Amino acid sequence: MTSNIRVRFAPSPTGYLHIGGARTALFNWLFARHNKGVFLLRIEDTDQQRSTEEATQAILDSMKWLGLDWDAGPYSQSQRLAIYKRSAEKLVEQGKAFYDTDAEGRKAIRFKMQDGTTEINDLIHGNITFDTALIEDFVILKADGFPTYNFACVVDDADMEITHIIRGDDHISNTPKQIALYKAFGFKIPEFAHIPMILGEDGSRLSKRHGATSVTEYRDKGYLPHALVNFLALLGWSPGNDQEIISIPEMIDKFTLKRVNKTSAQFNNTKLDWMNGQYIKNTPIEQLTTEAERFFEKSGIDMAKIPRGWLSNLVTLYHERFKTFQDLLEQTRFFFNDTIEYDLVAVEKFLKKEKIVELLRDVYSAISHIEDFDKKNLEDSLRALTVKTGVSFSKLAQPLRISITGKSVSAGIFETMELLGKEKTLTRLNNTIKNLCEMPEAIKLNS
RNA sequence: GCCCCCAUCGUCUAGUGGCCCAGGAUGCCAGGUUCUCAGCCUGGAGACAGGGGUUCAAAUCCCCUUGGGGGUACCA
């Protein structure tokens, strides 16, 4: 069962899909899915200088990764040049447009703007009126035979029978020009819904200097697509209750333009990280393991040597502790490295102390006899050691942790040792002891 | 300059005249759990940009100012 609602996402392939564009695509997609309409994709490559094939591919890849599937297209405006030319000439014949040669000798077709007022009834902003006397006769067909944005957009939206134009509110001031074109052609004027823009974290227009702004960057840093989608959906839209984590089907079910607000939103990486962490916690270990394997491999770790079961245990241990796969990699790198890198501050604070070497030796002998090197046996033997030596467990845990991980922060110490394995644990412990008493400088050099 | 849009905690937002001395989330702070950190639990600080109206009553309606954003291209 479908309705006759048709929307489109029409990016220009002059760069990667950035998060603002992704959010526009998402809102169009949600609107189409909610209304059982059609969502189509159109590539607006009418700028011969800036459009690239790579950018088009990157946009398609990003859409797919986000799960925003389209029902028609992608259409490319560069493939439809004849249509625009014929349409522009028709307007010239009707006296609604004219040829114009500029100072540089370029001959183009301009549209003749009529004086008057144009009113648009925006689905989000309500009524907006413009004085069209303030709008100049604008170019619709450039000297290179390509149409301009405003022209191609109208011709295509009419041709593709778009019923609702959902786009960024930076297009509000283009709308009266487009409406004039619709009227000149006698086309039915679609509904307009101008959604608020997404600004950078400092409130200014989103640009490269804000760090990650493209969807591909988030993918490469190990974010989950659904988390990004959820986060983006909540920028300018809300389900009407206090819900923050919303599944895609639920989003589709609840999405209406009425609940889209008018105020621009600043992107907030911190909250995205939190949300991604929530999604990770709600994702099965199996699936995360597969993702982690792919991510680690891409990051240069030879996964051929890593058993799947072991990796699965690693993911389980860190399940509630990592926010992105990049984060997981950073937290668990010491498992994969042959030599550990000591955190100097931690070494100073916990290892360069009286009696530490003796303590570590005690630990070594206590655990080196364990046959089943699991967390239960490790805990039993170390608890016993604290009773025997009178050293509190908290005084023992940190030096031990740094000895085998190099850091003062890690997952539980018993679980970490079990996962590292007896051989590596003992080797690292022994190396740290050696470094401490024989060549304390080695610790420094390693770092 | 001119035209247009917008204005609730730092940030994302709920709120469509009384239910709001403004609710949720994130972040921050404190306490708890604890081998560190994270997580989790509990508590706390934190906003209606300013000024005029309208009304018995305004975060909610109107006007002005200020601030932010966008447009003003043979870019999209």
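Throughout, a chain's letter reflects where its sequence line sits, starting with A, and its residues are numbered from 1. Note that the structure is predicted; figures quoted are calculated from it, not measured.
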Is [X] close enough to [N] that one of its side-chain N or O atoms is under 4.0 Å from OP1 or OP2 there?
{"X": "A/Arg167", "N": "B/rG70", "result": "no"}
{"X": "A/Asn174", "N": "B/rA76", "result": "no"}
{"X": "A/Lys281", "N": "B/rC40", "result": "yes"}
{"X": "A/Gln278", "N": "B/rC40", "result": "yes"}
{"X": "A/Arg50", "N": "B/rA76", "result": "no"}
{"X": "A/Lys271", "N": "B/rG24", "result": "no"}
{"X": "A/His125", "N": "B/rC6", "result": "yes"}
{"X": "A/Lys142", "N": "B/rC75", "result": "yes"}
{"X": "A/Arg383", "N": "B/rC35", "result": "yes"}

Spell out yes or no: do the side chain of [X] and the base of [N] have one donor N/O and one acceptor N/O closer than 3.5 Å?
{"X": "A/Gln243", "N": "B/rG24", "result": "no"}
{"X": "A/Asp170", "N": "B/rA76", "result": "no"}
{"X": "A/Asp102", "N": "B/rC74", "result": "yes"}

Closest nucleotide among [options] to the [X] side chain:
{"X": "A/Lys177", "options": "B/rG24, B/rG39, B/rU72", "result": "B/rU72"}
{"X": "A/Thr270", "options": "B/rU26, B/rC12, B/rC74", "result": "B/rU26"}
{"X": "A/Asp47", "options": "B/rC74, B/rC75, B/rG71", "result": "B/rC75"}
{"X": "A/Arg106", "options": "B/rU13, B/rC74, B/rC5", "result": "B/rC74"}
{"X": "A/Arg401", "options": "B/rC4, B/rU36, B/rU26", "result": "B/rU36"}
{"X": "A/Ile413", "options": "B/rC35, B/rG10, B/rG39", "result": "B/rC35"}
{"X": "A/Ile128", "options": "B/rG23, B/rC4, B/rG10", "result": "B/rC4"}
{"X": "A/Ala397", "options": "B/rG10, B/rC35, B/rA76", "result": "B/rC35"}
{"X": "A/Phe393", "options": "B/rU13, B/rC74, B/rC35", "result": "B/rC35"}
{"X": "A/Trp274", "options": "B/rU72, B/rA25, B/rC12", "result": "B/rA25"}

Does the side chain of A/Arg259 pick up a donor-acceptor pair with the side chain of A/Ser238 at under 3.5 Å? yes
Ignoring hydrogens and geometry beyond distance, is a side-chain donor-acceptor pair present between A/Arg333 and A/Ser299 at under 3.5 Å?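 Note: A/Arg333 and A/Ser299 side chains miss the donor-acceptor criterion.
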[atom1] atom, [N] versus [M]: distance in rounded Å?
{"N": "B/rC48", "M": "B/rU60", "atom1": "P", "result": "12 Å"}
{"N": "B/rC28", "M": "B/rG70", "atom1": "C1'", "result": "33 Å"}
{"N": "B/rG71", "M": "B/rC20", "atom1": "P", "result": "41 Å"}

When we call it a touch if two heavy atoms are under 4.0 Å apart, what does [X] touch: a base, just sugar-phosphate, or nothing?
{"X": "A/Arg259", "answer": "sugar-phosphate"}
{"X": "A/Gln266", "answer": "sugar-phosphate"}
{"X": "A/Thr263", "answer": "sugar-phosphate"}
{"X": "A/Lys407", "answer": "nothing"}
{"X": "A/Glu136", "answer": "sugar-phosphate"}
{"X": "A/Ala265", "answer": "sugar-phosphate"}
{"X": "A/His319", "answer": "nothing"}
{"X": "A/Tyr318", "answer": "nothing"}
{"X": "A/Thr129", "answer": "sugar-phosphate"}
{"X": "A/Leu235", "answer": "sugar-phosphate"}
{"X": "A/Ala411", "answer": "base"}
{"X": "A/Gly277", "answer": "nothing"}
{"X": "A/Thr46", "answer": "sugar-phosphate"}

Could you point out which residue of A/Phe267, A/Tyr218, A/Tyr279, A/Tyr223 forms a ring pair (Phe, Tyr, Trp, His ring centres under 6.0 Å) with A/Phe231? A/Phe267
Rounded distance in Å - [atom1] ([X]) to [atom2] ([N]):
{"X": "A/Met275", "N": "B/rC12", "atom1": "CE", "atom2": "P", "value": "14 Å"}
{"X": "A/Gln398", "N": "B/rU34", "atom1": "CD", "atom2": "P", "value": "16 Å"}
{"X": "A/Ile172", "N": "B/rG71", "atom1": "CD1", "atom2": "P", "value": "11 Å"}
{"X": "A/Tyr279", "N": "B/rG39", "atom1": "OH", "atom2": "C1'", "value": "19 Å"}
{"X": "A/Asp144", "N": "B/rA76", "atom1": "CG", "atom2": "P", "value": "9 Å"}
{"X": "A/Met197", "N": "B/rA76", "atom1": "CE", "atom2": "P", "value": "16 Å"}
{"X": "A/Asp380", "N": "B/rC35", "atom1": "CG", "atom2": "P", "value": "15 Å"}

Is A/Arg383 close enough and on-axis enough to A/Phe393, meaning under 6.0 Å and within 45°, for cation-pi?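 Geometry flag: set, cation within 6.0 Å and 45°.
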Once the angle between the rings of A/Phe255 and A/Phe31 is folded into 0 to 90°, is it parallel (under 30°), tilted (30 to 60°) or perpendicular (over 60°)?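 The arrangement is perpendicular - the two ring planes meet at more than 60°.
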Quick one: sort the A/His125 and A/His194 rings into parallel, tilted or perpendicular, breaks at 30° and 60°. tilted
NZ/NE/NH1/NH2 to OD/OE distance under 4.0 Å, A/Glu244 and A/Lys271: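 Counted as a salt bridge, because a side-chain N and a carboxylate O are separated by less than 4.0 Å.
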Test: A/Arg110 and A/Asp100 ion pair at under 4.0 Å: yes
Under a 3.5 Å limit for both distances, which nucleotide forms a Watson-Crick or G-U wobble pair with B/rA47, could you say?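 Pairing partner, where one exists within any strand: none, as none qualifies.
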Only pairs with both distances under 3.5 Å count, Watson-Crick or wobble alike; so what is the partner of B/rA14 in this structure? none
Assess the pair A/Phe296 and A/Trp310: is the distance between their ring centroids shorter than 6.0 Å?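 That pair fails the under 6.0 Å test.
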